[in-house]
Amino acid sequence: MELCPSVKNVLLLDSEGNRVAAKYYCDDWPTNSAKEAFEKAVFTKTQKTNARTEAEIAMIENNVVVYKFVQSLHFFVTGGEDENELILATVLQGFCDAVGLLLSTCSRGHVDRREALENLDLILMCLDEIVDGGIILETDPNVIAGKVASQSVDAGGPLSEQTISQALATAREHLTRSLLN
Amino acid sequence: MAQPFVKKDDDDEEAEYSPFLGIEKGAVLQEARVFNDPQLDPRRCSQVITKLLYLLNQGETFTKIEATEVFFAVTKLFQSRDIGLRRMVYLMIKELSPCADEVIIVTSSLMKDMNSKTDMYRANAIRVLCRITDGTLLTQIERYLKQAIVDKNPVVASAALVSGIHILQTNPEIVKRWSNEVQEAVQSRAALVQFHALALLHQIRQNDRLAVSKLVTSLTRGSVRSPLAQCLLIRYTSQVIHESASNSQTGERPFFDYLESCLRHKAEMVILEAARAITELNGVTSRELTPAITVLQLFLSSSKPVLRFAAIRTLNKVAMTHPMAVTNCNIDMESLISDQNRSIATLAITTLLKTGNESSVDRLMKQITNFMSDIADEFKIVVVEAIRSLCLKFPLKYRSLMNFLSNILREEGGFEYKKAIIDSIVILIRDIPEAKESGLLHLCEFIEDCEFTYLSTQILHFLGIEGPKTSDPSKYIRYIYNRVHLENATVRASAVSTMAKFGAKVESLKPRIFVLLRRCLLDSDDEVRDRATLYLNTLGGHGSEVETDENMNEFLFGSLEVPLVNLETSLKNYEPSDESFDINSVPKEIKSQPLAEKKAPGKKPATGLAAPPSGPATTVDAYERLLSSIAEFSSFGKLFKSSAPVELTEAGTEYTVNVVKHIFDRHVVFQYNCTNTIPEVLLENVAVIVDSSDAEEFSEVASKPLPSLPYDSPGQTFVAFEKPDGVTAIGKFSNILKFIVKEVDPSTGEAEEDGVEDEYQLEDLEVVAADYILKVGVSNFRNAWESMGADYERVDEYGLGPRENLTEAVNAVINLLGMQPCEGTEVVPSNSRSHSCLLSGVYIGNVKVLVRLSFGIDGQRDVAMKLAVRSEDESVSDAIHEIVASG
């Protein structure tokens, strides 16, 4: 019996259901088409719900899926049928808020699909810091964002939120500008 | 500069813009050449890696050559000291998952990073290296990993611990050497480190029960702070409780205080975990349940949907076994029916259906009717199934529930949903005689306008069996004959068969049926014509020779005696020749009797129309077929009862054995299901030596050893005993498994010639009085009780001594008698001082028995019981009292 809480996948889709970033940690969906089919099922089932103020929850294909929408971004975390829903919700909150924190410190300050794609490197690093091979690595959004942000500046002492924002503001500006040229 | 980023025209919508629009794998791979530049541009390199990762994330794949090229190019980037770029390099290496000889290239760079002064480098390098490395390299870096586990930086420690959890799957012997460091990390002040360390420590020790128990004992005293670690500890604790439960039946449950204290934790996830652990305890009492239910009830009115969902889902499960414990939450659950989240609303409805009492059914049905129109089919199916069980629980309410089912049957819905409704109606018709006529008419109306061929044919088949037995069979004929005019060939054919069944059973209808069948002789489909001709002949409609009634009945209503699988293989093997196919040549034995436990967990037994409503009935059929196929046992007569499998070995031993007790009138057969769990050995001549010196009335008459028992393919060996006719002999048997062990060469899979004789001590087995009583329910106990009459009623009173509570006393008596509780009376409302319980069953010799139990408990927890028995036989009524008196 699997006793350690585990995450089956973490998904970030846009408001049309297209994949922005996705990470799968188990073999339930072996091929890309299986993954896409699952994402489609998740998206259509949750599309009409209002998951903006509080995270919502649904059972999909015998999995527990918790989700939250921010602007045009749809965040999902999937766990097994018997998983503690609140643990999954904590992971979701960590992911959602960390991405929000990282994107809102960017040049335009929007948390939406376009910013997410333009800062895909941050999103991918963020995912890497939250779950490692299905095991929850970190759930505190400030710590996650701090770890990702510290990649872009010289790592120093403990990062307060202020320094994260400052660091990001400068680092991001450089990177996005060069990405768009 | 070649840029695949195409800017979209300004008039295009902002929302569709993507920096990756028009991106192409080939172009990006070309771009990756910048990694080889002597003067590295970190920003540009980061961009290219992001593009590569984007492609991989969208499901694009690299060929082996492409991946190798990218990998080598990426390794060049270790020259750069840019932290952001290094981080992207780590991600890229993990995504590419290089093969062993490629890994060597980056090993030294990663090991350098592992010892770097920058914590972020160290943590990430550990995770990357452990992900891609194999066993040989691991011994080289083991020293660093052990240090990292106890590192003062929590990020580094967590990275090493999580990597340890992954490595444990492939190289357990290495990770097991880290025990001391991991144990130290459990005491860490950092929340996540504590969580990861606890998870790893438990996985290292998971096969050592004593060590796990010690771990739980020491940690539950309170040094765990992190909520996630606390959740883990709760899971480990309930595992320990579960495993120790079989040893100590009496006294306080160990660690229960700890679970209860977790209900007061400040983190909601811990409270939920603890509440769920308590509700899932084996044989949980209502006193233990109360605090858990209370916290869940608070969650029901939370503003967070996730919390409401978690709570109602848990309560729904509790309601299946302890409906009375959940009734306190009924008001909160009723308000959840209008919850925005339809999953929550459905769970609330189905829970209410389980906890509701007879008087609240009508009110509840009104609420559900409004609710049904705005939920999806999948939720509707859940509700229909809940209503079906409710109806079986309160048979007197069948009228309103049947009406509800027929109403929703008329509404729009998909196949699965309609099938669930039809299945429910069929089961209600079968179990509640009063519901038959109205139920059949609902089905008839449904097939008048049914778009699903499968459902139409199923209903027609069912009508053919049940219709002729009703008071006025003729009223169904119109509905059936209409099918012949209006439907496709499949449905027409099955309508013809159904009409024939009416003709065969109801003599007065025969002439009219002949008229209808003759009309079908001109049908456009040959199957329909063939069936009509066949039935006209068998029923004598052509004035031809009429076969005997018995033959005809056998032909129309008899079941196929051979398993369909076997028939299929035999037919495939049959080659056309002068000799016609003989159905008697089809083997009746089912190959490799599947063990009951092998059933996929969580899968409900299929409830088709033609199949019996419950799973157990089919197992009995399978047992009966299995036993009758063995020559030694064929003379024993009809099988009366087969017990559920009783485990004779502990889980996880070399050989696992369980036994099924088959009871016949004058014999008892023990079926030992054996499984060999060691791949390297083959067992031969497997037999069980039974010592029956503690069971005087039994004498061994036959034993059927198992010739060979290979790895992981279960086999059965049997021992049969004779016992005096009509006596419910009881006794204790000790068992020794005897066999010849042969080693198997793992490379060829062949067994060695010579074997060694060996024995294996199994646990004892008992035949008890309950083995002689079949659990057979009655739908309406009062009717059954009245019609049985008081001729052989025996009433007596018993003192059951001090008990924990009434539930325990009720369960003890039910288990002792092995009878079926009726109308949900096995559930005792919490804190009640008295309770009545109704049981029904069939005693050996096919004697129906009904039992009325009245319990009372006094201040000293002494339980008194009044037992009233009615049966068709005086001696059986006495026998029941004897069982209780000696139990």
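So that the names make sense, note that chain A is the first sequence line, chain B the second, and so on, each numbered from 1. This structure is a prediction, so every number in the text was calculated from the model and none was measured. Hydrogens, waters and symmetry mates play no part in the numbers below; they use all other heavy atoms, side chains included.
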Notebook entry, point to check: When heavy-atom pairs shorter than 4.5 Å are enumerated against chain B, which of Asp140(A), Leu124(A), Leu137(A) gives the highest number?
Noted result: Leu137(A)

Margin query: If I take atom CD1 from residue Ile135(A) and atom CD1 from residue Ile165(B), how far apart are they, to the nearest 0.5 angstrom?
Written below: 4.0 Å

Item checked: Under 4.5 Å from any heavy atom of chain A - which part of Tyr121(B) -> neither

Notebook entry, point to check: Which one of Leu272(B), Leu232(B), Val270(B) has the most heavy-atom pairs closer than 4.5 Å to chain A?
Noted result: Leu272(B)

Checklist line | Straight-line distance of Glu54(A) CD to Ser303(B) OG, nearest 0.5 Å | finding: 5.0 Å

Note to self: Does any part of the side chain of Val155(B), heavy atoms only, come nearer than 4.5 Å to the side chain of Lys147(A), both counted from C-beta?
What the structure shows: yes

Next item on the list: List the atom of Phe195(B), the atom of Ile136(A), and the distance in Å for their closest heavy-atom pair.
Entry: CE2-O, 3.7 Å

Notebook entry, point to check: When rounded to the nearest 0.5 angstrom, what distance separates CG in Asn84(A) from CD1 in Ile234(B)?
Noted result: 9.0 Å

Margin query: Could you measure the distance from the CG atom of Asn57(B) to the CD1 atom of Ile123(A)? Nearest 0.5 Å is fine.
Written below: 10.5 Å

Next item on the list: With the side chain counted from C-beta on, respond yes when His166(B) and Asp132(A) share a heavy-atom pair under 4.5 Å apart, and no when they do not.
Entry: yes

Item checked: Cationic N near anionic O, under 4.0 Å, Asp121(A) to Arg87(B) -> no

Check: Any Lys/Arg nitrogen of Arg235(B) or Glu83(A) sitting under 4.0 Å from an Asp/Glu carboxylate oxygen of the other?
Finding: yes

Item checked: Identified side chain to side chain donor-acceptor pair (under 3.5 Å) partner of Glu85(A) from the options Arg313(B), Arg308(B), Lys304(B) -> Arg313(B)

Next item on the list: Measure distances from Leu228(B) to the heavy atoms of chain A and classify the residue's part below 4.5 Å as side chain, backbone, both or neither.
Entry: side chain

Checklist line | Contacting moiety of Lys45(A), where chain B heavy atoms sit under 4.5 Å | finding: side chain

Note to self: Please classify the contact between Thr61(B) and chain A as side chain, backbone, both or neither, with a heavy-atom cut-off of under 4.5 Å.
What the structure shows: neither

Next item on the list: Working to the nearest 0.5 Å, report the span between CD of Gln340(B) and CG of Asn50(A).
Entry: 7.5 Å

Item checked: Top of Thr53(A), Asp128(A), Asn32(A) for chain B proximity - count of heavy-atom pairs under 4.5 angstrom -> Asp128(A)

Margin query: With a 4.5 angstrom heavy-atom cut-off, is it the side chain or the backbone of Glu95(B) that approaches chain A, or both, or neither?
Written below: side chain

Notebook entry, point to check: For chain A, which of Leu91(B), Asp119(B), Thr314(B), Ile344(B) has the most heavy-atom pairs under 4.5 Å?
Noted result: Leu91(B)

Item checked: Minimum side-chain heavy-atom gap Glu118(A)-Ser18(B) below 4.5 Å -> no

Item checked: Lys/Arg N to Asp/Glu carboxylate O, Arg276(B) vs Asp82(A), below 4.0 Å -> no

Notebook entry, point to check: Given a strict heavy-atom distance threshold of 4.5 Å, which part of Lys117(B) is in contact with chain A: side chain, backbone, both, or neither?
Noted result: neither

Note to self: Quick one, Phe309(B) and Met59(A) - any side-chain contact, counting heavy atoms below 4.5 Å?
What the structure shows: yes

Next item on the list: Please state whether the side chain, the backbone, both or neither of Ala199(B) comes within less than 4.5 Å of a heavy atom of chain A.
Entry: side chain

